[in-house]
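Single-structure report; data block below.
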Number of protein chains: 2
Amino acid sequence: MSLQPNYFQQYQHADMDELADLIGELLQNPITIEDADHKLIAYSSHGDSTDPARWSTIMGRRVPEKVLTRLWKDGVFQELLTQDDPVHIPAKDDIGLGKRVAIAIKRSTDVLGYIWAQEVNRPLTPEDDEILRQAAKAAVSRLIQRQGKRKAEEQRRTEFLWELLLGNHSSEAAIRQKADSLQMQMPSHSLICIVEAAGARLDQYLYPLLMRDKLYWVVDGSQIILLIGLLDGKKDERDVLLRKVEQFLADSLSKLVTHASEGKVIAGYGREYKGYSQIVKSYREALHAVKVKKLFPRETEGIHGYHQLGIYRYLLKLKQWEEEEGYKNERLERLRQYDRDNQTAMLDTLETFLDAAGKMNVTAQSLHIHINTLSYRLRRIEEIMQVDLENMNQRAALYLELKISKINQEQ
Amino acid sequence: MSLQPNYFQQYQHADMDELADLIGELLQNPITIEDADHKLIAYSSHGDSTDPARWSTIMGRRVPEKVLTRLWKDGVFQELLTQDDPVHIPAKDDIGLGKRVAIAIKRSTDVLGYIWAQEVNRPLTPEDDEILRQAAKAAVSRLIQRQGKRKAEEQRRTEFLWELLLGNHSSEAAIRQKADSLQMQMPSHSLICIVEAAGARLDQYLYPLLMRDKLYWVVDGSQIILLIGLLDGKKDERDVLLRKVEQFLADSLSKLVTHASEGKVIAGYGREYKGYSQIVKSYREALHAVKVKKLFPRETEGIHGYHQLGIYRYLLKLKQWEEEEGYKNERLERLRQYDRDNQTAMLDTLETFLDAAGKMNVTAQSLHIHINTLSYRLRRIEEIMQVDLENMNQRAALYLELKISKINQEQ
DNA sequence: AGTTCGTTTGTGAATATCCACAAAGAGCAG
DNA sequence: CTGCTCTTTGTGGATATTCACAAACGAACT
């Protein structure tokens, strides 16, 4: 290692464009340098032959979304993020991407940018890999400076979003002013969406989606908190926004469940509000939704919106009230005692029956029992608990009580 | 009037027994004087022939329950309470009661006691009625003195009961001591029951029942608040107590609905508790039950116990919470708007359907519509509200929301 | 007047529910 | 072992539910 020449010693303080040119000369191939957001920083100038992907990148001063999405999908970025060595990427003709080699520019695990080397004039060898490794190191200090300003602005944007989320703000006008000064385009109608995945680098995995939908977000531990709104004041805005959120969640969850295999992926979002000062409400609702979804994963499967929670919206509050009042549910306890005494599964039967909205055959099939067995058990349950399952009041009350009682039992 | 002799002038300060004897001599018939609780105060001594009712009264120092119940049932007491003249009562052989005349001893409208004159030796004439009127007047001052002590004790008992109801007490031991000093036999397990009937003299109408079940009670406006417990520590106490309350309510409500025709009769009771310090809880629950029954008379028909309220137990709390959170139910509002726009009755259809626990034919019959009409309406409701009525979570949530929304609308 | 839309009612067939009754197995006490 | 209770599963017939499809009606609009 130490015997190899140090190609970039004299370029420590050089311009990024000069660095790109130097790498291009050494590798005899076109070079592109991007920042972490895939914005173009520099590119080698005397490569006359190139591919549509590079051409679009230079013209748009950013890597096209289509290319990014594809590279995320194919796991290229995942490789770049996790390893320090160059990654050799085969040609992907359908998106106009020729064969190339890429390396991430990192400070420890922080990705500052990427260097891309196309393979058009000659194939790239393992020696070229070493050149790229050194080039990535040489680029670090320049990128840090460059990132400095961006980071500061990022920091101020994050702080601003937290202010919105926590409600630490003075007035609507002040918020609007601050958003303008940060060059943030705030939607008039918006809601908060939370995606939580233990152990996953959420913002990295979701980056293409976040970019696609032009969202503002904050990462908080294992949660990413998103501000979702519509910029252009459309008609029938409400349904459009809800569809946008559901679309985003469908995309992001399908992406995350494959990546974050460990632990579960949970998402929830609050209701849509008009003013900026209401964002705190939407955030609280989103948090509530996530909390409830953790407590009732099966029951709330497929539900993400606070407005869709149904009775689960009430349960925590009711639970708290029952504890304050010291209310003990004797009927449920009697059924539990019966189950313990007789090794039966009446409670489970009851819950399945209630979950099935009182449909006999659905319940029986779900429990893998004969429908007459179910009928018998329900008659016994009515006797034991002294309830009338045909009565909607009693049935609904039982349903609520049952779900409330499950809160602290971790199933 | 002024020409008639004043028979009892010299007896103003005489003994009650002497008064009874004098009346007996004047009417030539056996006389009995009772206080407002039908306890024996005095009786004429030289009446040799009498009937089983009078005999039992003297032997037991109180009018037998059987006789009282019958006289209340036949409206005799109602007459006595409302008028100042003697009431002529025909013989009621089945309870051993011979023909007699009675008059209430009153100070203004306060009943202090009764004078009973049997008709065995000779029939009683209108002149005898005047004698009884004067006798009743003469008895007032003596009875007031006699009632003085009783009233004071009554007062202290009432205060004690209010302390229990409102929780203004120090310790269980202190309560027990105070109860002993008031010669009140306190049940170990008890609950609070409230009967409310606007405009009715509750304690008077219910008196025989209160006596029969040996209850303690307090009258508060149009409510009578009862402490119901079991004195002897029986096995399976809980069900026994509940049966006792339900029996009492069945008896008293059937009695009251005939009397208090104006306004509705409402009754509610709290759960059973062990310690005296828990009575306040039972009282609050009883109040809650009464409050809810006023808001949902149809839905809670036949329900009196707090433990039977089902979802209605939660509704006020949930309503309060929704108001705090500023939660607006858009779905219900959409349906209401639809009903207004199209002159339809979707909301009513939905409520009936939910109340019928999702039974199609019950709902259709209740609404007097064809079952396919119902089916069509439900499909439309699902479209308009964007809900899935087959989903128990959504159905229960809708049920709750619907009932909550009715709270302030006075139907 | 004709058209369209939302609504009501009807028919028919597949499926589900409800109810009574019966047979069989498991567990348990005498 | 026998009898007993609790539980499960089965059969069959009366009712209910679900769905597709069609006819009829009224209100609003052109």
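The figures that follow rest on heavy atoms only: side chains count, while hydrogens, waters and symmetry mates do not. The shown structure was predicted, so the numbers you read here are calculated from the model rather than taken from an experiment. To find a chain, count down the sequence lines: A is the first, B the second, and so on, and within it residues start at 1.
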Name the closest nucleotide to the [X] side chain, picking from [options].
X        : options               : result
B:Ile369 : D:dT7, C:dT7, C:dT9   : C:dT9
A:Asn372 : D:dG10, D:dC6, C:dT17 : D:dG10
A:Met360 : D:dT17, C:dT17, D:dT9 : C:dT17
A:Glu390 : C:dC18, D:dC6, C:dT7  : C:dC18
A:Tyr376 : D:dC6, C:dT9, C:dT17  : D:dC6

Criterion side chain to side chain contact (heavy atoms under 4.5 Å, CB included) on B:Arg271 and B:Leu191, from CA distance to verdict: CA-CA 6 Å; B:Arg271 283 181 304 155; B:Leu191 58 78; over 6 Å; no
Exam field: side chain B:Ser282 to backbone B:Ile192, donor-acceptor pair closer than 3.5 Å: yes
Quick one: [X] [atom1] to [N] [atom2], roughly how many Å, whole number?
X        : N      : atom1 : atom2 : result
A:Leu389 : C:dT17 : CG    : P     : 15 Å
A:Arg379 : C:dC18 : CZ    : P     : 12 Å
B:Arg377 : C:dG6  : CZ    : P     : 16 Å
B:Ile371 : D:dT17 : CD1   : C1'   : 7 Å
A:Asn361 : C:dT15 : CG    : C1'   : 8 Å
A:Lys359 : D:dT17 : NZ    : C1'   : 8 Å
A:His370 : C:dA16 : NE2   : P     : 13 Å
B:Leu367 : C:dT8  : CG    : C1'   : 14 Å

Phosphate-side-chain proximity, A:Arg380 and D:dT7, N/O vs OP1/OP2 below 4.0 Å: yes
Whether over 12 other heavy atoms sit under 6.0 Å from B:Arg284 CZ: no
Sugar-phosphate only, base, or nothing, as touched by B:Ser375 at under 4.0 Å among non-hydrogen atoms: nothing
Intermediate values then yes/no, side chain to side chain contact (heavy atoms under 4.5 Å, CB included), B:Leu316 and B:Lys291: CA-CA 10 Å; B:Leu316 291 173; B:Lys291 192 172 178 183; 3.9 Å; yes
A:Tyr306 ring center near A:His288 ring center (under 6.0 Å): yes
